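Chain identifiers are assigned alphabetically (A, B, ...) following the order of the sequence lines, protein sequences preceding nucleic acid strands; residue numbering begins at 1 within each chain. Since the model is a prediction, treat every value here as computed from it, not as a measurement.
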Amino acid sequence: MAFQQPLPKSVPPAMSRYNFKETEQKWQSHWSEHKCFEVNIDPAKEKYYVLEMFPYPSGRIHMGHVRNYALGDLVARYKKAQGFNVLHPMGWDAFGLPAENAAIENNVHPAKWTRENIATMRGQLKSMGLSYDWSREIATCEPAYYAHEQKMFLDFLQNDLVYRKESWVNWDPVENTVLANEQVIDGRGWRSGAEVEKRQLSQWFLKITAFAEELLQDIAELERWPDKVRLMQENWIGRSEGAHIRFQVSDRSDQLEVYTTRPDTIFGASFCAVAANHPISQELARTNAELALFISECNRMGTSEAAIETAEKKGFDTGLTCKHPFVEGLELPLYVANFVLMDYGSGAIFGCPAHDQRDLDFARKYDLPVIAVVAPKGAEADSILIENTATTGDGVLINSDFLDGLDVKTAKTRVIDVFEERNIGKRAINFRLRDWGVSRQRYWGCPIPVVHCGDCGIVPVPEEQLPVVLPEDVDLSVVGNPLDRHPSWKHVDCPACGKAALRETDTFDTFFESSWYFARFADPANADKGFSPESADYWLPVDQYIGGIEHAVLHLLYSRFFTRALKQCGYLSLKEPFAGLMTQGMVCHATFRDERGNWLLPDDVIIDDNGSSRTSAGTIVTIGRSEKMSKSKKNVVDPEFIIGSYGADTARLFMLSDSPPDRDLDWTDSGVEGAWRYLNRLWRMISEPSVALAVLDTARPEAMDGHVFDVYRTVHKTISGLTEDLDRFHFNKAVARIRELSNTLETLQPEQAGADWVMRFGLETLICLIAPMTPHIAEEAWQRLGHDSILANTPWPKADQALVLDDMQTIGVQVNGKLRGTIELPVDCPRDIAEQQALELPNVISAMDGKPARKVIVVPNRIVNVVI
RNA sequence: GCCCAGGUGGCGGAAUUGGUAGACGCGCAGGCUUCAGGUGCCUGUGGCCGCAAGGUCGUGGAAGUUCGAGUCUUCUCCUGGGCACCA
């Protein structure tokens with residue numbers, strides 16, 4: 001998609017094409033010099049905090065960033081025009097795994113790699129003309145940032161929000177390192193290819209579960225969040241009500257505690273099962289090699305819910321049995337089963353095959369009894385036959401002793417009451433949510449500020465010794481954790497007793513940094529603390545947060561938790577960090593493959609006029625469906641190239657015009673061309689208007705041609721409609737309205753009375769309305785129209801409501817629900833007049849075919865429907 | 001397996017509460033401008049029938065509610081997304 005911009009010297013300046021390169025640079029410098037977007041606390045003004053999810057500095061910006069920041073900038077500039085004191089900052093989520101990978105692959109230090117990437121990407125973002133307050137820029141890998149989160153961690157520790165426990169990790173025995181799930185491919189390390197082991201390590205956890213109920217309840221308050229995200233958070237937290245029940249294990253002194261959400265099905269129990277990592281399994285495995293083998297098999301299986309749910313249900317009969325709590329003499333065999341999760345509930349279940357599909361699959365495989373205890377409503381108790389589908393719906397209890405005849409809900413309550421009376425179980429609420437493991441055995445992250453002392457145990461690093469700075473003189477060419485291998489860094493004196501001790505060599509999960517960065521932006525230069533209470537009180541919460549749906553759960557939930565934890569530690573006075581959330585869809589592009597099936601870059605593909613495609617070398621190209629832009633499929637378009645060839649305004653306009661923000665967007669060359677052509681058209685309308693413009697600041701003329709007045713009304717309607725579109729995030733509709741207004745303005749004729757004035761008014765309004773989307777061309781046009789003010793500081797246009805509402809309107813007339821014509825009626829026209837006019841329409845008369853109207857439905861200002 | 005979202009012209013998408021389906025753009029066709037290509041401008045553009053007026057079908061599929069359904073209900077098919085160490 002080569003594009004040259006011809007600028008022939010012979011053409012006079014007014015006729016020249018819009019010069020985006022010069023213009024975009026000019027206004028970017030201008031805004032920067034005039035500190036247009038730098039803001040301070042101003043109690044007299046209402047604040048508005050717009051935040052886009054800050055990027056990981058991976059090297060170069062991609063189209064997803066362009067979309068995200070075009071959306072955010074539109075909101076920020078629009079709110080500024082509406083008079084808000086707008087905080088719109090940008091920074092870098094700068095710790096993370098890719099820096100370490102790059103270090104190993106390219107022999108470059110993660111710090112250097114990261115800082116260079118930031119410099120590149122900052123330049124790219126600046127070329128987009130985004131209204132950031134760059135004076136607030138932060139990078140989370142700098143001690144000036146992470147020092148404060150080390151302090152926060154220590155405060156969490158003091159407030160009992162942190163603890164240590166053993167937890168399982170993916171261990172790569174060749175690289176001597178812990179792997180992320182995504183680094184485990186088919187059970188092997190992605191780089192080493194070694195078979196991954198499960199290992200238990202002692203790790204730091206944050207008590208997010210302490211807030212589980214609150215985090216769940218408060219979702220209801222997040223009114224300006226997408227329902228989809230709220231639902232995902234709800235499901236993630238996964239509150240369930242049920243019971244813990246203790247089963248006596250035969251021939252042993254201990255009891256097995258199970259968690260169940262279906263205590264009502266207790267009389268249908270036919271086995272018990274524990275997780276592979278359950279203490280009982282572990283204990284038995286020590287003397288049972290076969291069981292140990294089964295457990296290691298379970299450990300090799302993926303830990304994801306999807307993997308567990310879809311895997312074949314397998315179990316190992318321990319030979320032990322559990323006594324049924326109610327049925328004297330009934331012994332339930334105890335299995336170790338691969339579908340029981342140690343992390344959920346108590347890591348043990350009782351199986352009721354008739355009413356749980358997993359249990360049924362298991363029972364069929366091991367030939368266990370299947371006893372129906374719930375009869376669906378209306379079904380005959382003795383006609384129930386469970387084959388291969390468990391019934392999980394409501395019904396009436398059968399075969400269940402004292403529960404017989406009760407519905408499921410009542411039976412649950414009753415049976416738990418009995419458990420509690422007999423002291424063998426109790427009511428329990430369980431959450432799927434687990435505590436947040438924040439330890440990472442990685443180098444490029446924030447050091448966890450504690451010291452391990454042989455005598456004193458775990459000792460927090462004293463506040464005056466913070467920050468614990470990540471050493472930069474590390475060797476990444478050797479396997480294992482560089483912090484652990486560093487010759488001196490971890491060796492310190494115990495802060496408590498002064499004896500030789502060791503630093504914690506784990507670093508924080510990078511979600512730690514992103515859980516509070518929004519607050520740091522309120523007070524980014526504060527050296528004493530993360531942010532002052534005053535700055536937080538003024539700027540927080542974020543009024544509009546914008547980012548990818550991929551963060552719908554973890555990042556957003558961690559931030560919500562972090563905010564509560566900070567509140568508990570006295571940092572903040574609010575619970576919810578993000579009052580409004582908008583999640584954007586992905587940027588997609590068609591995919592191309594050559595004859596051998598190799599992916600091709602869009603740049604390597606030539607589409608001929610007849611629609612056929614080939615490579616530049618002439619070989620055949622297959623065009624595949626549009627998919628999310630990704631390096632692996634090569635269906636990427638480099639934003640820098642687009643900005644260089646068409647300008648930032650074109651790229652931004654296209655990002656906003658073709659799809660609503662929350663849906664996926666197809667990047668197409670023709671769409672970009674369309675945006676580019678429109679900007680040139682707009683430029684022509686300004687520089688060579690079809691109707692000479694009235695002089696700046698002249699009063700509205702009293703005499704106006706009828707058509708001119710209609711156009712004038714359209715301008716007001718556009719202001720009103722577009723403002724509403726922006727408030728509802730219907731940005732693609734807003735762009736459509738801009739184009740409609742352009743079309744309408746071009747219908748003005750020079751000889752019509754008032755046309756010169758309405759043309760100026762219309763163009764100035766158009767420029768103001770498009771400014772948040774394409775700010776550079778708008779500023780230039782504003783200047784060209786004779787203004788010496790900065791458009792970015794200019795108030796948003798106001799519509800005259802009297803002109804927005806029409807006094808006449810077109811109403812559809814139907815006969816038996818089919819449209820047969822339209823009538824022009826005054827607004828709020830009486831029913832009988834509407835009916836009369838409708839019945840007089842020739843088309844209506846012919847459609848009625850001489851039959852009388854049985855009924856005429858008149859919906860005022862909407863429709864008339866004649867029923868015959 | 002479970003949960004969620006979405007299916008509207010050749011394409012991206014419009015259509016506040018059920019009330020004129022297809023705004024706006026892309027593409028395409030014809031014309032004008034131009035030495036020519038591109039740009040620009042004008043006109044047309046859901047399918048089918050028709051010279052036209054107009055008719056008829058039409059929002060993944062099937063059924064239902066309603067004077068009236070893209071919109072509500074039920075079933076169904078397809079596509080995409082999420083399901084705990086990428087960020």
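- Nearest-nucleotide assignment on RNA chain B puts the 5′-proximal partner with A/Thr810, out of A/Thr810 and A/Ala847.
- The residue A/Pro55 sits apart from the nucleic acid: no heavy atom pair falls under 4.0 Å.
- Comparing A/Val864 and A/Phe511 along RNA chain B, the residue whose closest nucleotide (by nearest heavy atom) sits nearer the 5' end is A/Val864.
- The backbone N or O of A/Met773 sits less than 3.5 Å from a side-chain atom of A/Arg652, completing a donor-acceptor pair.
- Residue A/Arg737 has no polar side-chain atom (N or O) positioned under 4.0 Å from OP1 or OP2 of B/rA14.
- As judged by a 4.0 angstrom heavy-atom cut-off over every strand, A/His551 is placed among the base-contacting residues.
- For A/Arg434, taking side-chain heavy atoms from C-beta onward, the closest of the listed nucleotides B/rA84, B/rA15, B/rC3 is B/rA84.
- The nucleotide whose nearest atom lies closest to any side-chain atom of A/Trp236 is, among B/rC67, B/rC83, B/rC41, B/rC83.
- Distance noted for atom P between B/rC2 and B/rU16: 34 Å (whole Å).
- Nucleic acid contact for A/Arg854: none, since no nucleic acid atom lies under 4.0 Å from a heavy atom of the residue.
- In this model, no side-chain donor or acceptor of A/Arg677 finds a partner on the base of B/rU39 within 3.5 Å.
- With its glycosidic angle more than 90° from 0, B/rG64 adopts the anti conformation.
- Using a 4.0 Å heavy-atom criterion, one finds that A/Arg739 contacts the sugar-phosphate atoms exclusively.
- Checked by distance alone, A/Gln814 brings no side-chain donor or acceptor within 3.5 Å of a matching partner on the base of B/rU20.
- When the side-chain nitrogen and oxygen atoms of A/Arg820 are compared with OP1 and OP2 of B/rG55, one or more of them lie within a distance under 4.0 Å.
- For the P atoms, the distance linking B/rA23 with B/rG9 amounts to 13 Å, nearest Å.
- Among the nucleotides B/rA15, B/rG13, B/rU16, the one closest to the side chain of A/Glu724 is B/rU16.
- When the C1' atom is compared between B/rA15 and B/rG58, the two are found 16 Å apart, to the nearest whole Å.
- Contact annotation for A/Leu554: no contact, since no heavy-atom pair falls under 4.0 Å across all strands.
- Using a 30° and 60° split on the angle between ring planes, A/Tyr545 and A/Tyr517 fall in the tilted class, from 30° to 60°.
- Comparing the C1' positions of B/rG82 and B/rA87 gives a spacing of 16 Å, expressed to the nearest Å.
- Put simply, the side chain of A/Asp725 never gets that close to the backbone of A/His730: no donor and acceptor are under 3.5 Å apart.
- Going from the C1' atom of B/rG40 to that of B/rU34 covers 10 Å, rounded to whole Å.
- When only modelled atom types and interatomic distance are considered, A/Asp662 and A/Gln584 share no side-chain donor-acceptor pair under 3.5 Å.
- The partner of B/rC85, taking Watson-Crick or G-U wobble pairs whose two distances both stay under 3.5 Å, does not exist in any strand shown.
- No contact: A/Val553 has no heavy atom under 4.0 Å from any strand.
- In this structure, A/Gln357 reaches neither bases nor backbone, as no heavy-atom distance under 4.0 Å exists between it and the strands shown.
- Remark: B/rA23 base-pairs with no nucleotide in the shown strands. Criterion, Watson-Crick or G-U wobble with two distances under 3.5 Å.
- Looking at heavy-atom distances under 4.0 Å, A/Asp509 makes no contact with the nucleic acid at all.
- Within 4.0 Å of A/Leu231, counting heavy atoms only, lie sugar-phosphate atoms of the nucleic acid but no base atom.
- For the C1' atom pair drawn from B/rG46 and B/rG27, the interatomic distance equals 14 Å after rounding to whole Å.
- Taking a pair to require two hydrogen-bonding distances under 3.5 Å in either a Watson-Crick or a G-U wobble arrangement, B/rC48 pairs with B/rG55.
- Pairing of B/rA36, defined by two Watson-Crick or G-U wobble distances under 3.5 Å, is not identified with any nucleotide.
- Within the 4.0 angstrom heavy-atom criterion, no nucleotide atom of any strand lies near A/Tyr678.
- Residue A/Val867 is classed as a sugar-phosphate contact, given heavy-atom separations below 4.0 Å to backbone atoms only.
- Remark: B/rG9 base-pairs with no nucleotide in the shown strands. Criterion, Watson-Crick or G-U wobble with two distances under 3.5 Å.
- When the P atom is compared between B/rG7 and B/rU59, the two are found 14 Å apart, to the nearest whole Å.
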Under the criterion salt bridge (charged side-chain N to carboxylate O under 4.0 Å, His left out), I'd like the reasoning laid out for A/Asp227 against A/Arg230: C-alpha separation, chi angles, the key distance, then a yes or no. CA-CA 5 Å; A/Asp227 289 342; A/Arg230 302 203 302 181; 3.4 Å; yes

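- Counting any heavy atom pair closer than 4.0 Å across all strands shown, A/Gln203 reaches a base atom.
- The gap from the P atom of B/rC75 to that of B/rC3 amounts to 13 Å, rounded to the nearest Å.
- Nearest nucleotide to the A/Arg684 side chain, out of B/rC57, B/rC85, B/rC41: B/rC41.
- In this structure, B/rA29 forms a base pair with B/rU43, meeting either the Watson-Crick or the G-U wobble geometry with both donor-acceptor distances under 3.5 Å.
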